[in-house]
Amino acid sequence: MLDINYIRKNAERVKEFSEQKGYKVDVDSTLKTDAERREILGELETLQAERNKLAEETKRTKGRPSEANIARGKELKVRIGELEDELKNIEQRLSSLLKAIPNVPWSDVPVGSSEDENTVAEIVGEATKTGKNHYEIGTEKGWIDKERAAKVAGARFAYLKGDLVKLEMTIIQFVIDTLTSESKMTEIIASAGLTGKVNERPFVPVLPPLMIKTDMYDAMDRLEPREDRYKIEAEELWLQGSAEHVLGSMYAGEILEEKDLPLRMLGFATSFRQEAGTYGKDMEGIFRVHQFDKLEMESLTTPEDGFNEHLLLVAIQKYLIEQLKMPYRVLLKCTFDIGKPNARGVDMEVWLPGQGKYRETHTADYMTDYQARRLKTRVRRANGKVELVHTNDATAFALGRTMIAIVENYQTPDGHVTIPEVLRNYMGGVEQI
RNA sequence: GGAAAGAUGACCGAGUGGUUUAAGGUACCGGUCUUGAAAACCGGCGUGGGGCAACUCACCGUGAGUUCGAAUCUCACUCUUUCCGCCA
């Protein structure tokens, strides 16, 4: 949610970028409701003050209030009750109007009205190789069994087996080792030219709950569209769709100390998505399934550090992909594609020889204080002032798609898969599977 | 799943209807003292909303209710702790 003060002062700008992001908002009604709210609040507070005066008088006289005061109190009670109801009503309306307004795009976000207008910021490596797709290889190797998964769980599920499972565990261990190491962090920061601009503190690995309450999910602004979420029947609980949802909300309602920021978390979570609206799309293999494991970075920072932190997370993504030596490109997402709570968004697409295309494997999201405002995640600054934190999240590796990329990029002519060098030690020295 | 107890500021903790404008302590910040520090003493020190400001309103787990008046009474819910049962 945006700060109402910002909307008061920048009504026209809010209308403009909301449209650029593809959201229908009613700024005029929002401001009108805001004004109504303050009017009612003023009236209510005057009466509350009078009620407090009456109570104070009773305190002073240490007795029962006079008949006249009781009568006046009764009047106040009725009117205050009415105003409170009215205020609650208005605040509900205001809240839903405010929730509909998206975050302000960062200054360098390209304006665009479809995902085709995302800007290619960088292309790394030779995207020339073609070959079998991961499902062909995975089926031959006995690594992926979708038929039995369909029998047990339905479409868009898979059993992963054998060396592919070992590979996943290996990638997880590699990422945890890398991002929990201060010297690796220093190295990544230096090579990205961010030395002195970001803290070098490593990530804390986290295994989060995989379910999240309705109100927390909504405060994160990631609940919609609900059709893409899995609801636990008869409970106000949902299966999380990304560790961002449960990591970003972890410190909700808390006031953190400035010295504890940046607060960097590396979450591992099985993530669940209904894939509503993707009927018939990407049906082959495990590219688009209802359940996949993911390593996700989440970081809470001070406002002034938020943007550099975003750049750091992007740099980490690039570093991790480059460690696996796979061709990829970086997209700066346009206003239409960044998402409602985002100020800026970057996607990474790794080249998949089996599809002959770049496909999305990573996203980095910078939300400024938009999520923190509703989560009430704040920081007490060194000077004692309390401010909202800035939130950042970014994929470290979506394991399913990462394995697709490895299998397709590292396939050998005789049908095997070479293990990327950095992972071999974790695989017990195995060079090929 | 059964039973009991509990939830008050960064932390500990007092408070069972009207001097609670939330006691007291710890921590923290500023000052006095000191060569410096500690100790001692003095002062400050919650969050959110409205207002240019003085100031004012709300908030004692959450929500509803009783009352002229609720941290305090009633109801529901959430969470925590302990015991029993079950379980990885």
Side-chain angles (χ1 to χ4, degrees), chain A residues 1-9 30-99 207-219 231-238 246 249-261 263 270 300 302-303 369-389:
Chain A
M1 183 162 80
L2 283 183
D3 183 359
I4 182 69
N5 283 304
Y6 177 87
I7 300 169
R8 282 178 203 152
K9 288 175 192 147
T30 307
L31 291 175
K32 198 172 145 237
T33 309
D34 170 49
E36 275 173 41
R37 172 183 173 268
R38 282 185 287 171
E39 199 186 313
I40 298 286
L41 192 62
E43 199 182 331
L44 174 64
E45 285 190 3
T46 308
L47 299 182
Q48 284 172 326
E50 188 182 343
R51 183 176 65 185
N52 289 345
K53 288 253 158 50
L54 292 182
E56 205 181 304
E57 202 179 304
T58 308
K59 263 188 258 173
R60 262 206 315 276
T61 58
K62 294 194 177 188
R64 278 193 48 88
S66 66
E67 289 307 314
N69 281 358
I70 289 179
R72 178 58 185 154
K74 284 184 178 177
E75 280 170 28
L76 286 173
K77 179 177 162 174
V78 172
R79 186 62 188 139
I80 285 172
E82 286 168 3
L83 285 170
E84 277 173 348
D85 288 348
E86 210 173 323
L87 185 67
K88 201 175 187 179
N89 215 297
I90 286 176
E91 285 183 339
Q92 260 167 19
R93 259 169 36 220
L94 182 61
S95 161
S96 60
L97 284 162
L98 277 173
K99 276 157 67 173
L207 289 176
L210 301 184
M211 295 185 199
I212 178 169
K213 292 178 181 175
T214 305
D215 56 345
M216 277 295 159
Y217 220 161
D218 192 40
K231 176 90 194 294
I232 306 297
E233 198 180 2
E235 306 242 10
E236 281 305 320
L237 271 180
W238 304 71
V246 277
S249 49
M250 186 172 170
Y251 293 91
E254 298 188 34
I255 300 178
L256 304 164
E257 295 299 324
E258 181 167 352
K259 66 175 166 56
D260 296 328
L261 302 186
L263 202 158
T270 301
L300 310 179
T302 59
D369 60 8
Y370 191 91
Q371 286 178 322
R373 183 161 291 107
R374 281 180 66 199
L375 291 167
K376 297 187 175 66
T377 310
R378 290 164 295 174
V379 53
R380 191 184 315 279
R381 306 305 301 261
N383 65 12
K385 267 193 73 175
V386 174
E387 293 181 278
L388 294 168
V389 300

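Just so you know, these numbers come straight off a predicted model, no measurement behind them. A note on names: the letters A, B, ... follow the listed sequences, proteins ahead of strands, and every chain is numbered from 1.
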> Can you tell me how far C1' in B:U72 sits from the matching atom in B:U16, rounded to whole Å?
Replying inline: 5 Å
> What does A:K88 touch in the nucleic acid at a heavy-atom separation under 4.0 angstrom: a base, only the sugar-phosphate, or nothing?
Replying inline: sugar-phosphate
>> Base, sugar-phosphate or nothing for A:L41? Non-hydrogen atoms, less than 4.0 Å.
In response: sugar-phosphate
> A:I212 CD1 to B:U78 P: how many Å, rounded?
Replying inline: 19 Å
> B:U67 P sits how many Å from A:N69 CG, rounded?
Replying inline: 18 Å
> Expressed in angstrom and rounded to an integer, what is the separation of A:D215 atom CG from B:U78 atom P?
Replying inline: 13 Å
> Heavy atoms, side chains only, cut-off 4.5 Å: are A:I90 and A:R93 in contact?
Replying inline: yes
>> Let's see if you can work this out: which of B:A58, B:G51, B:U47 has an atom nearest to the side-chain heavy atoms of A:R378?
In response: B:U47
> Taking the C1' atom of each, how far is B:A27 from B:G9, in whole Å?
Replying inline: 13 Å
>> When the P atoms of B:A40 and B:C75 are compared, how many Å lie between them, rounded to an integer?
In response: 47 Å
> Of the candidate nucleotides B:G50, B:G46, B:U78, which contains the atom at the shortest distance from the side chain of A:R380?
Replying inline: B:G46
>> Students often get this wrong, so: under 4.0 angstrom with heavy atoms, is A:R8 touching a base, only sugar-phosphate, or nothing?
In response: sugar-phosphate
> Would you say B:G49 has OP1 or OP2 under 4.0 Å from some side-chain N or O of A:R38?
Replying inline: no
> Roughly how far apart, to the nearest Å, are B:U56 and B:G6 at atom P?
Replying inline: 37 Å
> Could you give the CG-to-P distance, from A:L388 to B:U47, as a whole number of Å?
Replying inline: 13 Å
> Considering Watson-Crick and G-U wobble pairs with both distances under 3.5 Å, what does B:C79 pair with?
Replying inline: B:G6
>> What's the gap between B:C86 and B:C77 when it is taken at their P atoms, as a whole Å value?
In response: 27 Å
> Just how far, in rounded Å, is C1' of B:C77 from CG of A:L237?
Replying inline: 15 Å
>> Looking at A:K385, I'd like to know whether one of its side-chain N or O atoms comes within less than 4.0 Å of OP1 or OP2 on B:C29.
In response: no
> When the C1' atoms of B:C45 and B:G25 are considered, how many whole Å apart are they?
Replying inline: 14 Å
> When rounded to the nearest Å, what value does the distance between P atoms of B:A71 and B:C59 take?
Replying inline: 7 Å
> Which nucleotide, in any strand shown, forms a Watson-Crick or G-U wobble pair with B:U67, with both distances under 3.5 Å?
Replying inline: none
> Between A:R79 and A:E82, is a salt bridge (Lys or Arg N to Asp or Glu O under 4.0 Å) present by the stated rule, with each step listed?
Replying inline: CA-CA 5 Å; A:R79 186 62 188 139; A:E82 286 168 3; 2.8 Å; yes
> Is there side-chain contact between A:S95 and A:R374, with at least one heavy-atom pair below 4.5 Å?
Replying inline: no
> Is the shortest side-chain N/O distance from A:N52 to OP1 or OP2 of B:U21 below 4.0 Å?
Replying inline: no
>> Taking the minimum atom-to-atom distance to the side chain of A:A49, which one of B:G18, B:A58, B:C57 wins?
In response: B:C57
>> Testing the 3.5 Å rule here: is there a donor-acceptor pair between the side chains of A:N5 and A:R8?
In response: yes
> Do A:N89 and A:E86 come close enough that some side-chain heavy atom pair is under 4.5 Å?
Replying inline: no
> When you check the gap from the basic side-chain N to the acidic O, do A:K213 and A:E236 get nearer than 4.0 Å?
Replying inline: no
>> Judged by each residue's nearest nucleotide on RNA chain B, which is more toward the 5′ side, A:A71 or A:Q48?
In response: A:Q48
> Which base sits across from B:A39 as a Watson-Crick or G-U pair, both distances under 3.5 Å?
Replying inline: none
>> What's A:K74 touching, base or sugar-phosphate or nothing? Going by heavy atoms closer than 4.0 Å.
In response: sugar-phosphate
>> Between A:R378 and A:V386 (side chain of the first, backbone of the second, donor and acceptor by atom type, cut-off under 3.5 Å), is there such a pair?
In response: no
>> Under 4.0 Å between a side-chain nitrogen and a carboxylate oxygen: does that hold for A:E50 and A:K53?
In response: no
>> Using whole Å, what does the distance between atom P of nucleotide B:G49 and atom CD of A:E84 come to?
In response: 19 Å
>> Quick check on RNA chain B: between A:R72 and A:K53, whose nearest nucleotide comes earlier from the 5' end?
In response: A:K53
>> In whole Å, I'd like the distance from the CD1 atom of A:I90 to the C1' atom of B:G50.
In response: 14 Å
>> Nearest to the side chain of A:V386, heavy atoms from C-beta on, is which of B:A58, B:G48, B:G49?
In response: B:G48
> So what's B:C28 paired with, Watson-Crick or G-U wobble, going by both distances under 3.5 Å?
Replying inline: B:G44
> Of all the choices, B:C68, B:G49, B:U47, which nucleotide is nearest to the side chain of A:K77 once you look at every atom?
Replying inline: B:C68
>> If I pick the P atom on B:C73 and the same atom on B:A53, what distance separates them, to the nearest angstrom?
In response: 39 Å
>> Pairing check on B:G85: which nucleotide meets the Watson-Crick or G-U wobble criteria with it, both distances under 3.5 Å?
In response: none
>> Please report the distance, rounded to the nearest Å, between CD in A:E254 and P in B:G9.
In response: 13 Å
